[in-house]
Each structure stands twice: as structure tokens, then as C-alpha cells.
Amino acid sequence: MKKLNIAIDGPAGAGKSTIAKALAKKLNMIYVDTGAMYRAIGLHCSRKQIAGDDAQAVEAECDNIHVSIVYENGEQVVCLNGENVNEQIRTAQAGSMASAVSVHKKVRAKMVELQKKLAADTSVVMDGRDIGTVVLPNAEVKIYLTASSAVRAKRRYDELTAKGQDCDLETLKKEIEERDYRDMNREISPLKKAEDAIELDTSELSIEEVVETMMKIVAEKAEK
Ligand code: DC
């Protein structure tokens with residue numbers, strides 16, 4: 001297959017990572033989870049006791065943060081200054097911290113550069129908030145995944161409780177809505193559907209149904 005980039009954007013819990021991973025596996029492509037990179041920056045700032053909304057402090061710390069991506073057994077591993085932080089970044093708190101630090105200009109510039117590099121020579125399925133609009137504006141396939149906030153909160157709840165993490169459904173729904181608001185209303189690269197993206201509401205669909213629909217979209221685009 002010729003080089004093909006697939007950009008998947010949407011709010012938290014719309015199913016982006018599950019779908020993107022499945023799609024990448026089926027198409028034998030690399031999956032790049034960009035949210036994990038912002039989560040790593042958020043984790044670093046939390047450890048340094050820097051408030052996520054302190055633009056000056058976060059930007060000053062940027063030069064001390066090295067985020068890199070390696071692949072182990074086909075799985076993305078995010079390294080923060082050489083340390084594998086895949087587990088530590090998977091909490092609701094890390095998600096909110098990622099959303100807070102990701103509004104800052106220097107953080108975005110650094111991550112977008114890394115993401116563009118990752119997709120330069122390889123076919124990737126990349127998910128995030130600004131992939132179709134900013135990171136890969138020329139991606140052959142652009143999908144905007146959505147679902148109601150109630151469905152998205154329930155998915156996060158099931159995911160976190162399955163991992164043994166203590167959480168409350170109503171609190172998760174509130175966190176998700178706050179995160180959406182910040183991601184959609186920030187000044188730089190806010191979450192929005194690219195004009196040429198196909199919107200897919202996953203509220204009533206199974207993972208298999210979404211993957212199947214997306215495989216059809218990819219096949220149609222690949223033919224052109
Ligand atoms: O996809 P996620 O939940 O892991 O993302 C965590 C946060 O990172 C999200 O709330 C906003 C930010 N983010 C971003 O600003 N741009 C991206 N491309 C991906 C994530």
C-alpha cells in the first residue's frame with residue numbers, strides 16, 4: 001500500500017485510541033497516541049509541583065522535558081526523560097493535567113514537531129485533538145469521532161475500574177466535560193472537526209462496527 005496517513009480527532013472517551021489501535025493493526029500501520037505525549041509533560045510538571053495553568057513555569061520547564069516514543073512488541077511506549085511512563089500517565093488526573101499543560105504555546109510547538117517527524121516517512125494512524133487540522137493537514141483520511149458525554153464517562157469508568165482504580169461516574173463525567181471545554185476553547189489549535197473530516201458518532205456503535213465503517217472509508221480513499 002502506498003504511504004497513507006489517518007488522522008483521528010475527537011473529545012476524551014470517544015473511542016479514539018481503541019479504534020485507532022485496531023485500525024493500525026488491521027492495516028499493518030504504526031499507531032501514534034499523541035495524548036500520551038501531553039500526559040507525559042503533565043506528569044513531569046506534577047512531579048515538579050508546577051501548576052498546569054502556570055504558563056511561565058510550564059514553558060520554562062519545557063527545555064528539561066524530553067518526550068520520546070519507542071515501540072515494544074508493536075505497542076507504543078512513551079518515555080519521559082528516558083523513563084517508561086506508560087502506566088503512570090493513565091489516570092483521570094493525568095488526563096486533566098495533560099489538558100491543562102497542552103494549552104501552552106511552547107508545549108504544543110514541541111509536540112507537534114515530534115508528531116510531524118513520526119509521520120514523515122511512515123504510514124501512521126495518529127489520534128489526538130489537532131491531528132487533522134494542524135499536525136497532519138494533508139492526511140489522506142480524517143475522522144472526527146464523537147459520543148455523548150454520558151457514554152464517554154461510562155467508558156472511562158469501565159476502563160479505570162477494570163484496572164482496579166477507584167472512581168466515581170458523576171465525577172468522571174464532570175472532569176470529561178471540563179476537559180472538553182478547555183480543549184475546544186483554547187487559543188492555540190483547539191479541538192475541532194477539520195473541514196474535510198468525516199464525523200462518526202460512536203454512542204450507539206460497537207468497536208467492531210466503528211472499525212468496519214472506518215475500514216470502508218480507508219478503502220475508498222486508498223482507491224482514489
Ligand atoms: O487523548 P488523551 O485523553 O490522552 O489526551 C489528554 C489531553 O492532552 C487532552 O485533554 C488534550 C491534550 N491533547 C492535545 O491537546 N492535543 C492532542 N493532539 C492530544 C491531546
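Any value given below was found using the heavy atoms of this structure, including those in side chains, with hydrogens, waters and symmetry copies removed. In listed order, ligands and their atoms are each counted from 1. Since the structure is predicted, the reported quantities are computational estimates derived from the model, not experimental observations.
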In Å and rounded to the nearest 0.5 Å, what is the CD to CG distance from E59 to D54?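 Here the rounded value is 10.0 Å.
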With rounding to the nearest 0.5 angstrom, report the CD1 to OG1 distance, I207 to T202.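 Rounded to the nearest 0.5 Å, the CD1-OG1 separation comes out at 9.5 Å.
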In a check of side chain to side chain contact (heavy atoms under 4.5 Å, CB included) between V211 and each of E208, M214, M215, which one passes?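 Exactly one candidate clears the test, M215.
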Looking only at protein heavy atoms, which one is nearest to [atom], and how far off is it?
{"atom": "atom 12 (C) of ligand 1", "result": "S102 OG, 3.6 Å"}
{"atom": "atom 6 (C) of ligand 1", "result": "R179 NH1, 3.3 Å"}
{"atom": "atom 1 (O) of ligand 1", "result": "R129 NH1, 2.9 Å"}
{"atom": "atom 4 (O) of ligand 1", "result": "R39 NE, 2.6 Å"}
{"atom": "atom 16 (N) of ligand 1", "result": "R108 NH2, 3.0 Å"}
{"atom": "atom 19 (C) of ligand 1", "result": "T34 OG1, 3.3 Å"}

So, 4.0 Å and heavy atoms of M37: is ligand 1 close enough to count as a contact? no
Looking only at distances, can you tell me whether any N or O atom of [X], backbone or side chain, sits closer than 3.5 Å to an N or O atom of ligand 1?
{"X": "D127", "result": "no"}
{"X": "Y38", "result": "no"}
{"X": "Q115", "result": "no"}
{"X": "K16", "result": "no"}
{"X": "R90", "result": "no"}

Assess whether salt bridge (charged side-chain N to carboxylate O under 4.0 Å, His left out) is satisfied between D63 and K106, documenting all intermediate values. CA-CA 10 Å; D63 293 335; K106 201 164 166 188; 3.4 Å; yes
Student check: side-chain heavy atoms of L118 and I30 closer than 4.5 Å: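 They are not in side-chain contact.
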Would you say P190 and M184 make side-chain contact, with heavy atoms under 4.5 Å? no
Decide if atom CG of D121 counts as having more than 12 heavy atoms of other residues, nucleotides or ligands within a radius under 6.0 Å. no
Numbered atoms and elements of ligand 1 in range of [X], under 4.0 angstrom, heavy atoms:
{"X": "D183", "result": "9 (C), 10 (O), 11 (C)"}
{"X": "G128", "result": "17 (C), 18 (N), 19 (C)"}
{"X": "R186", "result": "14 (C), 15 (O), 16 (N)"}

Please walk me through it: do R90 and D33 pass salt bridge (charged side-chain N to carboxylate O under 4.0 Å, His left out)? CA-CA 12 Å; R90 291 294 152 211; D33 170 2; 2.9 Å; yes
Which atom pair, heavy atoms only, marks the closest approach of D9 to R129? OD1-C, 3.0 Å
Nearest heavy-atom pair of S96 and R182: which atoms, and what distance? O-NH2, 3.3 Å
Is it the side chain (CB and beyond), the backbone, both or neither of M184 that lies under 4.0 Å from ligand 1, heavy atoms counted?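 For M184, there is no contact with ligand 1 at all, from either part.
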